[in-house]
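To start, the structure itself, in structure tokens.
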There are 2 protein chains.
Amino acid sequence: MGISERKERDKQEMRGKIIDAAISMFLTEGYEKTSIRNIAEKIEYSPATIYLYYKDKDELLYEVQKQAFEKLELEFEAKVTSSDPMERLEQLCYTYVRFGKNNKEMYDLMFMMKAPMNCVDEDETWNNNTDSFDFLVKCLSDCMEKNLLRFDNVMTAALSVWAMGHGLVSLDVSCRFKAMQMDEVSINAAIEEAIGQYLKLIKA
Amino acid sequence: MGISERKERDKQEMRGKIIDAAISMFLTEGYEKTSIRNIAEKIEYSPATIYLYYKDKDELLYEVQKQAFEKLELEFEAKVTSSDPMERLEQLCYTYVRFGKNNKEMYDLMFMMKAPMNCVDEDETWNNNTDSFDFLVKCLSDCMEKNLLRFDNVMTAALSVWAMGHGLVSLDVSCRFKAMQMDEVSINAAIEEAIGQYLKLIKA
DNA sequence: TTAAATTATAAACACTGTTTAGTAACTTTG
DNA sequence: CAAAGTTACTAAACAGTGTTTATAATTTAA
């Protein structure tokens, strides 16, 4: 049956067209300011067509989030390469924070916006970021196996590292450092210093 | 001139009526789902009237944020009371995290939402939270004066502590812990453990 | 008492996400 | 090949949104 296969391909292609448009618009204009009508206009289809391929705007966002996580994972694979576990943890932290700082709008929809999580049902696991999270956990257990960290529980360690990284990035992304009278440059320096300091603190 | 004074009082009273309605609706329904029309209906005025007292919805949110910070400061004053600076820092951290967990919607608009920061112009300081932030800085310098902390710079210390606290709360508020297969109860325990662990780490 | 200023609103504007009903094109069947 | 069935698409409508404007009502000042 070649026809139904071609139809399936067409369907996937259309889904791709929609997502590509959505990504570029979410990242340049933000999620709220991007309307289904704008996306439809960009791909030269009617707004209603989008609903034939995606349930609603949230599902679109969830899909975009998925691709954003693939990008983060690629970054990890490219930059977290040291054979020394402790050095790898350092690379991981800096890569995470820099990724957030360089892709603020993307970071927002990956880790800050409530909306995409509506696609994750109550008591269900959020699968979009499991790979990145496992990557962190793996890295931490490597360190802890060799007693390189002042943690005695991998999950607590993961929570701590993630919270520190996320705290620094998200306060920056949501402009909360306007509370400290500091310019952009000194804030960037302070963030890098805070993460360096934290890495020293957790070292056994 | 008693008349213009009464008018000023009336104006403030009206502003109060609007904000009170806005607060209760933002906290129960969330910012996005609360419409100017709903607020207007609640106070039995027309939607347009609200614009005679507040520039736009963002300014309303900024005002609500102000009151939320007063609440947080009251919490600090009530619970961060120890004479020992290190103990005070611990009280501060736990109070902050618990405040966030017990007032998720409020925490969201205080520290996570981008919208209210539009009221803070570029390169201007965000005044709504300066008191709380100063409170933290004061607490940290008290600790550091006595060499109780493994930090050598108060600003880095403040950044670090805030980031850790905020990271834990905000990942919870934005439901990102759905990445770890953990129920509500164990997450709460893990958060408290992570903050306890962090306090140990920074102790000199 | 009239003129000016203030206060409130109905209605409109330009949007939003989403659904429905209907059309045009393609696929399958007789 | 033509009729029937299926699919892909869209115009229009629905029910909402934040915000502005023109107008009416009330209050203050002259």
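A heavy atom closer than 4.0 Å to some atom of DNA chain D occurs in Thr34(B), Ser35(B), Ile36(B), Arg37(B), Asn38(B), Ala48(B), Tyr51(B), these being the qualifying members of residues 33-54 of chain B. Sorted by residue number, the list of members of residues 11-20 of chain A with any non-hydrogen atom under 4.0 Å from DNA chain C is empty.
Scanning for ring-ring contact (aromatic ring centres under 6.0 Å, His included) contacts around Tyr45(B) gives an empty result, with sequence neighbours left out. Residues passing the side-chain hydrogen bond (donor to acceptor under 3.5 Å, both in side chains) test with Lys138(B) are Asp142(B), sequence neighbours excluded. Asp108(B) is linked by a salt bridge (Lys or Arg N to Asp or Glu O under 4.0 Å) to Lys114(A), counting only residues two or more places apart in sequence or in another chain. Applying the side chain to side chain contact (heavy atoms under 4.5 Å, CB included) rule to Glu32(A) yields the partners Glu32(B); only residues at least two apart in sequence or on another chain are considered. Applying the side-chain hydrogen bond (donor to acceptor under 3.5 Å, both in side chains) test to Thr130(B) and every residue at least two apart in sequence or in another chain returns nothing. With sequence neighbours excluded, the residues satisfying side-chain hydrogen bond (donor to acceptor under 3.5 Å, both in side chains) with Ser132(B) are Glu73(B).
Taking atom NZ of Lys55(B) as the reference point, atom C1' of dT20(D) lies 14 Å away to the nearest angstrom. Going from atom CG of Asp58(A) over to atom P of dT16(C) covers 17 Å, rounded to whole Å. Remark: P of dT16(C) and OH of Tyr31(A) are 13 Å apart, rounded to the nearest angstrom. Nucleotide dT19(C) holds its C1' atom 17 Å from the NZ atom of Lys57(A), rounded to whole Å. Rounded to whole Å, atom C1' of dT19(D) lies 14 Å from atom CD of Glu59(B).
The minimum heavy-atom distance between Phe99(A) and Met106(A), with the atom names listed, is CZ-SD, 3.9 Å.
Listed by first and then second residue, the side-chain hydrogen bond (donor to acceptor under 3.5 Å, both in side chains) pairs that reach into residues 89-99 of chain A are Glu90(A)-Lys203(A), Tyr96(A)-Tyr107(A), Tyr96(A)-Trp162(A), Arg98(A)-Glu192(A), sequence neighbours excluded.
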